[in-house]
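Each remark here refers to the structure printed beneath this line.
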Amino acid sequence: MDTPTAPRTPEDPEAKGVRLRDPGPGELGWIVQRHGALYAAEYGWNAEFEGLVARIVADFAEDHDPYLERVWIAELDGRPVGSVMCVREDDAPGTARLRLLLVDPEGRGRGIGGLLVDTVVAFARSVGYRELVLWTNDVLTDARELYLRAGFTLVAERPHRSYGVSLIGQDWRLPLQDGSPR
């Protein structure tokens, strides 16, 4: 397994010109729209996926703890090109969940995905979460490589049929504090 690397910052050469910031007006909607459009175009997923993303974003917008939960927009040349969320797991105290990682095609190959993942990991550690979890699908190979690089471990896989296609869902986990169970 690869070892985790130090978190990247916007000053790093591979993330040059990228700024991470809070979402502005309309950009939570952008997260939903870009997920729906990109996953339909790249993986053939139907509107069921866009509905899931819309629910996740709406739940965050309606009720979140700004100290423990955040959304980041990656901006390049004044335009959003990526996003990610860190939310608490209500049924698992001390656990945060990385959600809705996305890098638009025009932002890919610039280190933005790694910067977004590293930012969530650093944030989750800084506010005292004991572990960070995420759920993804095996077809999202580029994202899985980012999770491995950040030190996440694959802990479970299950086939499912969702979004109009057959997939293998994956649960990943990253202990954030010494002594956290693996």
Just do the salt bridge (Lys or Arg N to Asp or Glu O under 4.0 Å) check on Asp104 and Arg79 with the steps written out, would you? CA-CA 11 Å; Asp104 205 67; Arg79 293 182 317 279; over 6 Å; no
Would you say [X] and [Y] make side-chain contact, with heavy atoms under 4.5 Å?
X: Ile31; Y: Val71; answer: yes
X: Glu131; Y: Val133; answer: yes
X: His35; Y: Glu50; answer: no
X: Val139; Y: Tyr43; answer: yes
X: Ser162; Y: Asn137; answer: no

Test ring pair (Phe, Tyr, Trp, His ring centres under 6.0 Å) applied to Phe60 - qualifying residues, sequence neighbours left out: His64
Could you note down all residue pairs passing ring pair (Phe, Tyr, Trp, His ring centres under 6.0 Å) where residues 73-106 supplies at least one of them, sequence neighbours left out?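 Those involving residues 73-106 do not exist here.
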Can you pull out every ring pair (Phe, Tyr, Trp, His ring centres under 6.0 Å) where at least one residue sits in residues 89-132? Sequence neighbours excluded, please.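 Listed by first then second residue: Trp72-Phe123.
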With sequence neighbours excluded, what pairs up with Glu89 under the side-chain hydrogen bond (donor to acceptor under 3.5 Å, both in side chains) test?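 Only Arg97 meet the side-chain hydrogen bond (donor to acceptor under 3.5 Å, both in side chains) criterion with Glu89.
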Considering residues at least two apart in sequence or located in another chain, which fulfil the side-chain hydrogen bond (donor to acceptor under 3.5 Å, both in side chains) criterion with Arg108?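 Arg108 satisfies side-chain hydrogen bond (donor to acceptor under 3.5 Å, both in side chains) with Glu42 only.
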Report the distance from atom [atom1] of [X] to atom [atom2] of [Y], rounding to the nearest 0.5 Å.
X: Leu76; Y: Ile112; atom1: CG; atom2: CD1; answer: 5.5 Å
X: Arg88; Y: Glu69; atom1: CZ; atom2: CD; answer: 4.0 Å
X: Ile73; Y: Ser83; atom1: CD1; atom2: OG; answer: 5.0 Å
X: Phe152; Y: Trp172; atom1: CZ; atom2: CH2; answer: 9.5 Å
X: Cys86; Y: Arg70; atom1: SG; atom2: CZ; answer: 9.5 Å
X: Met85; Y: Leu102; atom1: CE; atom2: CG; answer: 13.0 Å

If you group Ile, Leu, Val, Met, Phe, Trp and Tyr by side-chain heavy-atom gaps below 4.5 Å, do [X] and [Y] land in one group?
X: Leu176; Y: Leu68; value: yes
X: Tyr39; Y: Val103; value: no
X: Val53; Y: Leu167; value: yes
X: Leu100; Y: Tyr163; value: yes
X: Leu140; Y: Val32; value: yes

Relative to each other, are the rings of Trp135 and His160 parallel, tilted or perpendicular (30° and 60° limits)? tilted
What's the shortest heavy-atom distance between Leu28 and Ala61, and which atoms? CD1-CB, 3.8 Å
For Leu132 versus Ala124, what's the shortest heavy-atom pair and its separation?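 Minimum heavy-atom separation between Leu132 and Ala124: CD1-CB, 4.3 Å.
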Do Asp138 and Arg144 sit within salt-bridge range, that is, some charged N less than 4.0 Å from a carboxylate O?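 Not counted as a salt bridge, because no side-chain N and carboxylate O are separated by less than 4.0 Å.
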Arg149/Asp118 salt bridge by N-O under 4.0 Å criterion: no
Leu101: partners by side chain to side chain contact (heavy atoms under 4.5 Å, CB included), with sequence neighbours left out: Val84, Leu98, Leu116, Val117, Ala143, Leu146, Tyr147
Is the number of heavy atoms from other residues, nucleotides or ligands within 6.0 Å of CG (Asp142) greater than 12? no
Is there a donor-acceptor pair under 3.5 Å between the side chain of Arg34 and the backbone N or O of Pro80?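 No, because the side chain of Arg34 does not come within donor-acceptor range (under 3.5 Å) of the backbone of Pro80.
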Any sub-3.5 Å donor-acceptor pair from Glu62's side-chain atoms to Asp59's backbone N or O?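 Such a contact is absent between Glu62 side chain and Asp59 backbone.
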Between Arg173 and Thr153, does any side-chain donor sit less than 3.5 Å from a side-chain acceptor? no
If we count only N and O atoms by modelled type, under 3.5 Å, do the side chains of Thr136 and Gln170 hold a donor and an acceptor together? no
